[in-house]
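What you see is a predicted model, and the numbers here were worked out from it, not measured in a lab. All heavy atoms count here, side chains included; hydrogens, waters and symmetry mates do not.
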Amino acid sequence: MTTPLLEVRGLDKSFGPVQVLHDVAFSAYAGEVTALVGDNGAGKSTLVKCVGGIHPVDAGRILFDGDDVQVSTPRDAGALGIEIVYQDLALCDNLDIVQNMFLGRERRSGLVLDEATMEEMAERTLSGLSVRSVKSIRQQVASLSGGQRQTVAIAKAVLWNSRVVILDEPTAALGVAQTAQVLELVRRLADQGLAVVLISHNMNDVFAVSDRIAALYLGRMAAQVRTADVTHAQVVELITSGRSGELGIAP
Amino acid sequence: MSKLVQDKEAIIAAVQAPSIGHSARAYGERVRGGDMGALPAVIGLVVLCTVFAIARPSFLTAINFANLFTQGAAVTVIAMGLVFVLLLGEIDLSAGFASGVCAAVLAVTLTDLGQPWYVAVVAAILTGSVIGVVLGSLVAKVGIPSFVVTLAAFLAFQGVVLIMLDEGTNISIVDPVVVAIATKNMTPALGWALYAVSVVIYAAVQLTRARRRAARGLVADPFSLIAARVGSLAVIAGLAVYVLNLERSRNPLTISLTGVPIVVPVILALLVLWTFVLRRMPFGRHIYAVGGNAEAARRAGIDVDRIKIGAFVICSSMAAIGGIIAASRANSVDPNTGGSTVLLYAVGAAVIGGTSLFGGKGRVLDAVLGGAVVAVIENGMGLMQYGSSVKYLVTGSVLLLAAGVDALARRRAAAAGLR
């Protein structure tokens, strides 16, 4: 069996007296989409924030490509090639697509911004993701649709030779056609060899694109299974009660 | 083979470069979408000038044209600094009296301490920077709303000015260099030389930029558009220099009065400097980012506090320069320097020019255009012999109108799906 690109073992995390994650194990493989599911408050976002270096972990190991790593700041995560696309996308409406993609990591030549190089790199990344829906990459993000914004946020994450891309509910606010577009993009990322983690509440999305499903239940990992081996109903049961037949947390 | 394909693509991109008509259409779309930029200010300027020119023919004389620059210079410079703070969605109500404090520092350093003009000017600007650091830190680090911090400073600085001027005396400024800043003119030849150099540099910058982008296969401005831009700048600036170089003395035999006022190149240099900082440097990009979405900027690794403090430092330092210009024009500093209408005119200038009070949108050029509108109102109303009452009423209405246009433009943009 191949080594997971990103692996978490025995992760504990508490906020004050509330323990949010109990001994969580989680793996994501290169070239695969791993769906991370769970009810509200199950700990999905906390797990992602621990991996992204936003929350320090109380106990447990994070392994990257089989090696133990310390992720204590978002910069550490970025250096490893872990990028998180948050639900609110974190885009600046008043800047254009290129400016947003390079925000905080602008290319410069001397004192000034190297606009030409940034524009070329952004263009290359977007066409590499087969994004053709935007009119001009010098368009203000304010003028983009929800799906296009999601695309820009994902392209921003991919721009930095990232190896793990974590998407927090990328389709939650999208219509049917745009959801299909974004899911196609998610699939393409995995096909390009990235490890993609997809947080979603939508079973249709999960079954449409994921290779594996990891279900969290009240801060514990209920099960990690191959998507092909389970049914909708089983996953819903794992989410709502933590177990489904043989699978899940022992009672 | 792939190299060939790339070259071919580059050629296609170059051919498809937007035409001048395309640019005009894109601009029209932006305006209809609620992003009017400086358009209201330009239209307002044209309307006001026409009205005043008809009502008072003396409005169009060379001497009055020159007066417009010296009258509006201090407010314009303060407004240019305010743009940085407004871009963050913050406000600096103390900029007016900050300019008063810095002018007082200038006066005290020149007279009581007997220092040369350059020491006094540096001291005044440094004072402005320190004020900016304090205000910015209180806003960014402590987290007090900028409205309250600068309102407190607005009150406190009046006291500081009074203390420095011994409870209300007037310090006159006699240093020839400082006095020259806002009262003397360049020689006509120097004016034309500066004009030629500015136009050539502007054209060269535009052309090299377009050529470089075209060479890399990126969308570049077409030559026709650049020619139109450079041409209109050359015509308008040329006309201005020509008029300013006319003899405007009432009695040319005893005293000759010609040339571009020295404040013009001062404002021009500040405009170029700050436009460069905002448009071409990472710091400027980050100011727009923080004004657009501070949380996104923070997550992108931008030090939001540092950006905020930087903006306040620029604002207060520009206020210091405005104070120096005001002191130079009045030949003196008194407790009311930078007081009364200065701050509100400066905020008005920035907003009338198209800078949004909601942050994230605005240019330094806006402050100059808006400053021109404010100066024209002030000057024209004066010529028509209206009292202060009417001037205040009109300027207040114009400010309200500009802020209203800003707010409506945002709603329009939201309705058009642009936000």
Side-chain angles (χ1 to χ4, degrees), chain A residues 49 52-54 73-75 77-79 83-86 88-96 98-124 127 135-146 148-149 152-153 156-157 160, chain B residues 6 9-10 13 16 18 22 26 29-30 33-35 87 89 209-220 276-304 307 356 358-362 410 413-414 416-419:
Chain A
K49 283 177 178 163
I54 292 181
T73 67
R75 282 194 189 278
E83 292 284 336
I84 304 178
V85 179
Y86 292 96
D88 62 2
L89 302 184
L91 298 173
C92 291
D93 274 353
N94 59 333
L95 299 182
D96 67 30
V98 181
Q99 291 171 345
N100 264 294
M101 284 175 69
F102 281 87
L103 190 62
R105 298 187 266 201
E106 290 86 359
R107 284 294 162 106
R108 29 190 110 176
S109 54
L111 268 179
V112 298
L113 296 162
D114 187 352
E115 297 283 355
T117 304
M118 289 196 277
E119 203 169 315
E120 278 176 353
M121 286 174 68
E123 180 95 63
R124 213 176 302 141
S127 57
K135 231 179 357 184
S136 150
I137 55 171
R138 284 297 179 184
Q139 216 176 332
Q140 271 197 7
V141 166
S143 66
L144 300 180
S145 70
Q148 289 173 325
R149 283 154 173 264
V152 171
K156 180 180 172 183
W160 304 99
Chain B
Q6 266 182 2
E9 275 172 1
Q16 285 175 340
H22 178 96
E29 261 170 43
R30 276 217 310 279
D35 179 12
L87 274 176
R209 184 154 170 271
R211 187 167 303 162
R212 247 184 231 154
R213 287 180 62 87
R216 297 179 75 156
L218 297 168
V219 179
F276 180 82
V277 168
L278 272 185
R279 292 280 161 196
R280 297 269 166 266
M281 286 178 62
F283 175 73
R285 177 67 41 85
H286 294 168
I287 286 201
Y288 281 103
V290 172
N293 187 343
E295 178 58 21
R298 194 185 63 76
R299 283 198 213 146
I302 295 170
D303 186 344
V304 174
I307 299 291
S356 174
F358 303 96
K361 182 168 137 307
R410 269 174 71 88
L418 289 178
R419 191 164 280 275

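Separation of atoms CG (B:Asn293) and CG (A:Leu89) is listed at 10.0 Å; rounding is to 0.5 Å. For the atom pair A:Ile84 CD1 and B:Arg299 CZ, the distance stands at 9.5 Å (nearest 0.5 Å).
Nearest heavy-atom pair, B:Tyr288 versus A:Asn94, reported as atom, atom and distance to 0.1 Å: O-ND2, 3.0 Å. Nearest heavy atoms, A:Ala116 versus B:Arg216: CB-NH1, 3.6 Å. Across all non-hydrogen atoms, the minimal contact from B:Ala289 to A:Cys92 is O-SG, 3.4 Å.
Taking the charged nitrogens against the carboxylate oxygens, A:Glu119 and B:Arg213 do have a contact shorter than 4.0 Å, which makes a salt bridge. We find that A:Glu115 and B:Arg285 are joined by a salt bridge, their nearest charged nitrogen and carboxylate oxygen being less than 4.0 Å apart.
Of the two parts of B:Phe283, neither the backbone nor the side chain holds a non-hydrogen atom closer than 4.5 Å to a non-hydrogen atom of chain A. Looking at A:Asn100, neither its backbone nor its side chain comes within 4.5 Å of chain B, counting heavy atoms on both sides. For A:Thr117, the parts lying under 4.5 angstrom from a heavy atom of chain B are both the backbone and the side chain.
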CA sep, side-chain torsions, deciding dist, call: B:Arg280, A:Leu111, side-chain contact (heavy atoms from CB on, under 4.5 Å)
CA-CA 8 Å; B:Arg280 297 269 166 266; A:Leu111 268 179; over 6 Å; no
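More than 12 heavy atoms of other residues, nucleotides or ligands lie within 6.0 Å of CZ in A:Arg138, so this atom counts as buried by the packing criterion.
Here the side chains of B:Arg279 and A:Leu113 are not in contact, with every heavy-atom distance at 4.5 Å or above.
Looking at residues two or more places apart in sequence or on another chain, you find a salt bridge (Lys or Arg N to Asp or Glu O under 4.0 Å) between A:Glu83 and A:Arg105. Listed by chain and number, the residues in a ring pair (Phe, Tyr, Trp, His ring centres under 6.0 Å) with A:Phe102 are A:Trp160 (sequence neighbours excluded).
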